[in-house]
Each structure stands twice: as structure tokens, then as C-alpha cells.
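Okay, structure first, notes after.
To find a chain, count down the sequence lines: A is the first, B the second, and so on, and within it residues start at 1.
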Amino acid sequence: MLDIKFVRENIDTVKQSLINRGSSLDLEEMLSLDEQRRARIVEVEALKAERNNTSKEISEKKRAKEDASALIERMSQVSATIKELDASLAEIEETQHQWLLACPNLPHSSVPIGQSEEDNPEIRFWGTVKNFDFAPKEHWELGLALGGLDFERAARLTGSRFVVQTGWAARMERALAQFMLDLHVDEHGMIETIPPYMVNTKTMTGTGQLPKFAEDLFKQENWDYWLIPTAEVPLTNLHAGEVLDEAELPKGYCAFTPCFRSEAGSYGKDTKGLIRQHQFHKVEMVYFAHPDNSYEILEQMTAQAEKVLKRLELPFRTIALCTGDMGFSAAKTYDIEVWVPGQNTYREISSCSNCEDFQARRANIKFQPKDSGKKQFVHTLNGSGLAVGRALVAVIENYQQADGSLLVPKVLQPYMGGLEVIEALTSENL
RNA sequence: GGAGAGGUGGCCGAGUACGGCUGAAGGCGCUCGCCUGCUAAGCGAGUAUACGGUUUAUCCCGUAUCGCGGGUUCAAAUCCCGCCCUCUCCGCCA
């Protein structure tokens with residue numbers, strides 16, 4: 001959420017940001033609401049001041065056993081007016097609040113201006129794209145042939161966009177997750193966390209999923225509980241309403257959780273395989289950072305995500321999202337895309353964002369500067385480190401061999417009982 | 001799910017039976033100053049947030065906030081209604 005005062009004092013900046021993001025929000029309407037609101041506040045607060053003063057007089061008169069009925073009579077009318085004004089003020093404030101909740105974050109000045117993913121510049125590339133002397137298969141073909149991925153049974157159990165992973169595919173998913181968590185905890189000093197996988201409306205609003213994107217989420221019937229679309233939601237809201245010590249910053253959390261997404265509006269897209277599921281696993285990183293160095297933390301966190309791919313020896317490229325392609329809450333975002341040879345393309349496997357104080361303002365997360373001064377909003381950052389299901393896709397496709405078997409990446413072997421090659425499913429590797 | 005107890009400032013804790021003089025006693029903590037071989041103690045001052053007005057900014061002024069929302073009233077921490085959360089006991093359960 002943007003600060004209303006900031007909007008009022010930086011009209012051109014906000015206007016340009018909305019244009020760059022391709023948003024259709026009406027800024028003029030909001031500004032006129034703001035004027036109405038402030039005028040109404042002046043009006044009603046003058047009356048309240050009068051009421052407070054007169055109430056004191058009344059109590060003094062009553063104690064002195066004097067007659068206060070004239071004052072009471074007048075205040076009765078003043079109170080009635082206050083009630084009306086308060087009601088109309090509340091209405092204006094609610095409309096304005098909804099506007100602010102629907103307004104996307106301001107892009108950082110370094111974010112390239114553009115309309116779509118076509119305009120996202122590549123920042124760096126890492127690795128070597130392997131030349132296969134055979135036509136590399138897609139992961140779902142291999143998963144089917146090797147018996148680890150079962151989309152048919154999942155469809156019977158639930159529906160489309162689900163999978164049953166068995167044997168090596170289940171274990172490799174677990175191995176990937178464990179490898180990633182160990183890396184973030186042991187080498188990056190992050191705090192491992194197991195948060196709730198369901199959160200309430202307030203929490204979803206804190207990070208920006210609500211009120212605008214309810215159709216992307218799964219909701220529990222009869223409960224104010226939503227399934228998390230990413231651990232960013234519970235992790236960032238972990239300190240909602242709190243004041244952190246400046247010395248604690250930056251504070252990093254990581255969590256391995258399932259993520260649930262309705263994938264509304266993606267009909268026909270990525271219908272095969274693991275790429276776009278209603279339920280998938282992700283290791284998420286969240287940082288609470290000092291405003292002075294949050295962009296350094298963004299670089300650091302992005303590097304941490306990249307390190308996962310480097311250790312897995314998977315080629316990737318990192319791109320900067322342009323204004324038109326960036327998520328709602330982000331001020332700046334890097335996407336990391338891993339090479340998937342079966343599809344002969346790059347697929348997003350991580351998204352690392354600095355949300356600055358956008359979420360902190362919604363969720364009310366502050367820190368107390370050491371040398372006194374006022375409490376300030378922290379900057380919040382989140383990044384995938386990494387999407388586990390998609391990492392499995394990348395491993396399967398990049399590590400496939402001509403005979404249809406898979407090599408197990410070196411860093412995963414300790415997590416898979418030393419297994420080096422995955423052959424077709426047998427009782428031995430089950 | 002049933003029964004009971006409770007939610008007041010950074011923390012502890014008065015106030016709620018009889019509504020007003022309580023942004024809220026007292027204590028602790030913290031900050032600044034004084035004092036002081038050092039430390040501790042002592043003395044003095046200060047110590048919430050948001051919004052609005054004013055302002056270059058500070059200051060200042062106003063309004064709101066005693067879990068949340070609503071009601072009664074000239075006036076609500078205090079009375080009434082609804083909800084949320086925490087704790088204890090019982091039931092159920094991995």
C-alpha cells in the first residue's frame with residue numbers, strides 16, 4: 001500500500017507509475033476523495049472539540065448542582081450532526097482505502113519500463129547448455145516412462161493439474177527440498193520455519209494477495225481460511241504489527257511449504273507435466289531489511305537462489321522484470337529462469353522481489369532505529385529458493401541420458417541414499 | 001463441542017459494583033541531564049501510535065485509540081449487544 005501523503009505530494013510520480021504498469025486506476029478520483037475526506041475531518045473534529053469542552057462544562061455544572069439542561073440540549077444536536085458526518089467520513093475513507101489496497105507498488109527507478117515479458121532484459125547467464133546427441137524428452141514423458149510421475153491417478157483422485165509422485169520422483173523432490181533448506185540455513189544463515197499453510201483474510205491482505213486476487217486462491221468453505229499460494233504470505237506476515245530491533249535487520253526466514261494456486265485464467269497453458277499445478281512445493285526466502293540496504297539484500301537473495309541452481313549444475317539466466325510485467329507488491333523483481341532442454345526453452349524457477357515498505361505498511365511491520373528517532377517501516381523481500389517442482393522438472397530434463405535413464409545430480413546423491421542413476425522403476429529403487 | 005477465567009501504554013499493574021475532573025495512578029524499563037574515584041544508588045526532566053490543521057522543518061493545536069465492531073448517553077476503559085483471541089478443566093483426536 002502506498003502512503004496517502006506520498007501520493008498526494010507526488011502526483012506525477014504515481015500517475016507515471018500507473019501508466020508504466022498498465023494500470024487503469026483513476027488517480028484523480030482518489031485525489032478528489034482525499035480532499036473531501038480532509039475537509040470532512042476538519043468539520044467533524046471541530047464539532048468533537050466543542051462537544052468535549054462542553055461535556056466538561058456540563059460535568060462541572062452538575063457537580064456544582066447547577067442547571068445544565070440548555071447545554072445538554074445543544075450537545076444532543078451537535079452529537080447528532082457528528083454521527084452523520086462520521087458516517088459519511090467512514091464511507092469516504094473506506095472508498096479511499098479500497099483504492100489504495102488496489103493500487104500496485106511504485107516501481108524502483110532502476111526498473112526497465114516496458115509492457116510485457118518481451119521487454120524484460122537479461123541480466124546474466126550461467127552454465128553450459130548441454131548438447132544432446134539425441135532428442136531430449138520432456139519431463140513428463142520421462143516421468144511416465146520411469147514410473148515416477150502419475151498424472152492419471154492424480155486426476156482421478158482430485159482433478160487436472162495434480163500429480164502423484166512415487167518412488168524416485170517423490171524422493172528426489174524431498175532431496176531437492178532438503179538440499180535447498182540446508183543451503184539456506186547452513187550457508188546463508190536463514191531461520192528455518194514451518195508456518196501455517198492456511199491463513200486468514202487479514203494476512204492475505206498484508207502481503208497484497210487480497211483484495212484484488214481472490215480468484216487466484218483456494219478458500220476453505222465456512223472458514224476465513226485461505227490456502228497459501230506461497231510461503232511469502234505467512235513468512236512476511238510473521239512480524240505483522242510488530243516493531244523489530246534495528247540490530248536484527250536484515251532478518252531472513254526460509255520455509256519449505258506446499259503452495260496452492262487456482263491458476264484461474266491459465267486454461268490451456270502448460271497443461272502437461274509439473275510446470276503448472278494447483279499444488280506444488282516451494283522453498284521460500286523472506287527478508288526483513290533496513291530501507292538503507294534493502295537493494296543489496298535483493299542482490300544477495302537473488303544470488304542465493306542462483307546458488308541453488310549452480311550447485312545443481314543447471315544452466316539458467318536471470319532477467320529483470322519490466323514495469324508492465326512486475327507483480328503487484330514488488331518495487332523490483334528478478335526472475336531466474338532455468339534451462340529445460342525437453343521444451344527447448346527457459347522456465348521461471350524463482351522470482352526475487354523487493355517490496356520496499358509496500359507490504360510493511362499493509363501489515364504494519366516497523367523497526368526502531370537505534371539512535372532514537374521515529375519507528376520506520378521495514379522493507380520486505382521475498383524470493384523462491386527455489387520452486388521445488390520446477391527444479392525437479394529441470395533436473396529430469398537436463399540429466400536425462402540417451403537410454404532414458406536419469407543421472408542424479410551430485411549434490412542430491414547424499415540425500416538419495418547415494419543413488420547415482422535412476423532407471424525404470426523397480427522394486428530396488430522404489 | 002461443553003464449562004469457567006481473562007484481554008488497560010515497551011512491560012507489570014490500578015481504575016470497571018456508584019459513567020464525567022483518566023491518554024489513562026503506581027512501579028519497572030528506556031532516553032537525556034545532574035551528581036559521583038568506577039559501578040550501583042540518588043536527584044531532575046522526558047518516554048505511544050495514527051489522522052487532520054499549521055509549518056521549510058521543528059514546535060504547537062485538534063481528533064481518535066483501554067482486544068475488535070456496534071449500541072445507549074450531552075459524555076463510555078467503565079453500562080448494553082455481537083465477535084475475536086489467550087488461559088484452565090472436560091469431551092474428541094493424529
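Distance from the side chain of A/I58 is smallest to B/C74 among B/G52, B/C74, B/U49. Residue A/S59 has its side chain nearest to B/G20 when only B/U49, B/G20, B/U63 are considered. Side-chain proximity of A/I72 to the nucleotides B/G62, B/C74, B/G53 is greatest for B/C74. Of all nucleotides listed (B/A48, B/U63, B/C74), B/C74 comes nearest to the side chain of A/S55.
Residue order along RNA chain B, read from the 5' end via each residue's closest nucleotide, puts A/F377 first among A/N52 and A/F377. Nearest-nucleotide positions on RNA chain B place A/N53 closer to the 5' end than the other of A/Q77 and A/N53.
If you check the side chains of A/Y334 and A/E306, you find no donor sitting under 3.5 Å from an acceptor. No side-chain N or O of A/S55 forms a donor-acceptor pair with one of A/N52 less than 3.5 Å apart. Residues A/N20 and A/Q16 bring a donor and an acceptor atom of their side chains to less than 3.5 Å of each other.
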*Apply the test side-chain hydrogen bond (donor to acceptor under 3.5 Å, both in side chains) to residues A/N382 and A/S353: give CA-CA distance (whole Å), side-chain angles for both, the deciding distance (0.1 Å), then the verdict.*
CA-CA 5 Å; A/N382 64 79; A/S353 302; 4.6 Å; no
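As the counterpart of B/U78, no nucleotide is assigned, since no Watson-Crick or G-U wobble pattern has both distances under 3.5 Å. Across all strands shown, B/C59 forms no Watson-Crick or G-U wobble pair with both distances under 3.5 Å. Searching all strands for a Watson-Crick or G-U wobble partner of B/U65 with both distances below 3.5 Å returns B/A48. The nucleotide B/U72 finds no pairing partner, because no Watson-Crick or G-U wobble arrangement with both distances shorter than 3.5 Å includes it. Across all strands shown, B/C18 forms no Watson-Crick or G-U wobble pair with both key distances under 3.5 Å. Across all strands shown, B/A94 forms no Watson-Crick or G-U wobble pair with both key distances under 3.5 Å. With a cut-off of 3.5 Å on both Watson-Crick or G-U wobble distances, the partner of B/C11 is given as B/G27. Pair assignment for B/A5 gives B/U86, based on Watson-Crick or G-U wobble hydrogen-bonding distances that are each under 3.5 Å.
Between B/G69 and B/A17, the two C1' atoms lie 26 Å apart (nearest whole Å). B/G27 and B/G15: their C1' atoms are spaced 15 Å apart (whole Å). Separating the C1' atom of B/G6 from that of B/G67 is a span of 11 Å, rounded to the nearest Å. Comparing B/C66 with B/A24, their C1' atoms sit 8 Å apart, to the nearest whole Å. B/U86 sits 23 Å from B/C93 when the P atoms are compared, rounded to a whole Å. For the C1' atom pair drawn from B/C18 and B/C79, the interatomic distance equals 12 Å after rounding to whole Å. B/G71 and B/U56 have their P atoms separated by 40 Å, with the value rounded to a whole Å. Between the C1' atoms of B/G7 and B/A77, the separation comes to 12 Å (whole Å).
Applying the 3.5 Å distance criterion, the base of B/G62 shares a donor-acceptor pair with the side chain of A/E45.
Note that the CD atom of A/Q376 and the NE2 atom of A/H290 stand 6.0 Å from one another [nearest 0.5 Å].
Put simply, A/R38 has a side-chain N or O that comes within less than 4.0 Å of OP1 or OP2 on B/G53. Applying the 4.0 Å criterion to OP1 and OP2 of B/A75, one finds that A/R51 has a side-chain N or O inside that range. The side chain of A/R8 contributes an N or O atom lying less than 4.0 Å from OP1 or OP2 of B/G52. In this structure, A/K48 does not reach the B/C74 phosphate: none of its side-chain N or O atoms is under 4.0 Å from OP1 or OP2. Residue A/T54 has no polar side-chain atom (N or O) positioned under 4.0 Å from OP1 or OP2 of B/A75.
With its glycosidic angle more than 90° from 0, B/A57 adopts the anti conformation.
Per the geometry, CG belonging to A/D3 stands 11 Å off C1' belonging to B/C51, to the nearest Å. Taking atom CG of A/L47 as the reference point, atom C1' of B/A64 lies 15 Å away to the nearest angstrom. Between the CG atom of A/L89 and the C1' atom of B/A50 there is a distance of 14 Å, given to the nearest Å. In this structure, A/N200 atom CG and B/C83 atom C1' are separated by 14 Å, rounded to whole Å. Between the CD1 atom of A/I82 and the P atom of B/C74 there is a distance of 12 Å, given to the nearest Å. Atom CD in A/E9 sits about 10 Å away from atom P in B/G52, given to the nearest Å. Note: CG (A/D86) to P (B/C51) measures 18 Å, nearest angstrom. Between the CD atom of A/E50 and the P atom of B/A64 there is a distance of 13 Å, rounded to whole Å.
Residue-level contact check: A/S76 touches the backbone only, with heavy atoms under 4.0 Å from sugar-phosphate atoms and none from bases. Nucleic acid contact class of A/K202 (heavy atoms, under 4.0 Å, all strands): none. Counting non-hydrogen atoms under 4.0 angstrom, A/K56 reaches nothing in the nucleic acid. Residue A/R37 is classed as a sugar-phosphate contact, given heavy-atom separations below 4.0 Å to backbone atoms only. Contacts of A/L71 with the nucleic acid, taken as non-hydrogen atoms under 4.0 Å apart, are absent. Using a 4.0 Å heavy-atom distance criterion, A/K83 is classed as a sugar-phosphate-only contact.
Across every non-hydrogen atom of A/L101 and A/P211, the tightest pair is CB-CD, 3.9 Å. Taking every heavy atom of both residues into account, A/D357 and A/H379 meet most closely at N-CD2, 3.6 Å.
Looking at A/E60 and A/R63, no side-chain N of the basic residue comes within less than 4.0 Å of a carboxylate O on the acidic one, giving no salt bridge. The residues A/R347 and A/E397 are annotated as not salt-bridged, no charged nitrogen and carboxylate oxygen being separated by less than 4.0 angstrom.
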